[in-house]
Amino acid sequence: MNFSGEESAMFVTTPAEIFTAADRSRVAAAQRRRPEVRLDGDLCARMPAAAWAVYLEALDLPDLAQRVRTRLPLSYSDLADPPDARRAGSTRHRRAS
């Protein structure tokens, strides 16, 4: 997707785009300590930010959980139709008069 301005800097499509190599190492180490914690794939498909945040909180990685809350879309439909565009009065959401 191609967004202009601030939106393109804010939204990413996967956690891989916002995690550094050090972050990925921390997640891998936390997964080894807490193997019973699993990412909810069904929730992730519908609400990626919430799914990843719950998962990372359960792994005791609150800083990474906060990052996904602010950088991942609430839902993938937000990528096609960013919330800021709706608030700005996008004609796509206006009903014909």
Side-chain angles (χ1 to χ4, degrees):
M1 301 279 148
N2 184 17
F3 298 112
S4 60
E6 198 174 303
E7 291 164 341
S8 63
M10 289 177 37
F11 283 136
V12 295
T13 57
T14 68
E17 295 177 72
I18 60 173
F19 291 156
T20 65
D23 295 335
R24 288 189 292 278
S25 293
R26 289 177 57 209
V27 171
Q31 287 171 328
R32 286 189 295 276
R33 286 191 309 273
R34 307 259 337 255
E36 73 280 4
V37 175
R38 301 274 185 222
L39 180 63
D40 183 335
D42 292 335
L43 181 60
C44 196
R46 291 179 284 121
M47 301 174 62
W52 276 94
V54 166
Y55 174 66
L56 293 167
E57 288 283 352
L59 291 176
D60 197 27
L61 298 169
D63 59 318
L64 298 183
Q66 182 59 31
R67 193 179 313 162
V68 298
R69 281 187 197 100
T70 59
R71 297 288 310 278
L72 284 178
L74 294 176
S75 70
Y76 284 114
S77 64
D78 285 343
L79 287 174
D81 192 15
D84 291 340
R86 290 191 295 268
R87 282 194 297 270
S90 169
T91 57
R92 182 174 173 184
H93 289 282
R94 291 187 188 151
R95 293 195 322 222
S97 300

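The shown structure was predicted, so the numbers you read here are calculated from the model rather than taken from an experiment. For this chain, numbers begin at 1 and follow the sequence in order.
- The pair Glu36-Arg34 meets the salt-bridge criterion, since a charged nitrogen lies less than 4.0 angstrom from a carboxylate oxygen.
- Under the rule for a side-chain hydrogen bond (donor to acceptor under 3.5 Å, both in side chains), Asp42 has no partner lying at least two apart in sequence or in another chain.
- For Arg32, the side chain to side chain contact (heavy atoms under 4.5 Å, CB included) partners at least two apart in sequence or on another chain are Ala28, Ala29.
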Could you pull out all donor-acceptor pairs under 3.5 Å where a side-chain atom in residues 51-59 meets a protein atom, sequence neighbours excluded?
unit_1	atom_1	unit_2	atom_2	d
Tyr55	OH	Gln31	NE2	2.3
Glu57	OE2	Arg69	NH2	3.0

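- For the atom pair CZ of Arg24 and CG of Leu64, the computed distance is 11.0 Å after rounding to the nearest 0.5 Å.
- Using a 4.0 Å cut-off between charged side-chain N and carboxylate O, Arg67 and Asp23 make a salt bridge.
- Evaluation of the ring-ring contact (aromatic ring centres under 6.0 Å, His included) test over residues 19-45, restricted to residues two or more places apart or in two chains, returns none.
- Residue Pro48 comes nearest to Leu74 through the heavy atom pair CD-O, 3.5 Å, listed as atom of the first residue, atom of the second, then distance.
- Here the closest heavy-atom approach between residue Ala49 and residue Val68 is recorded as CB-O, 3.8 Å.
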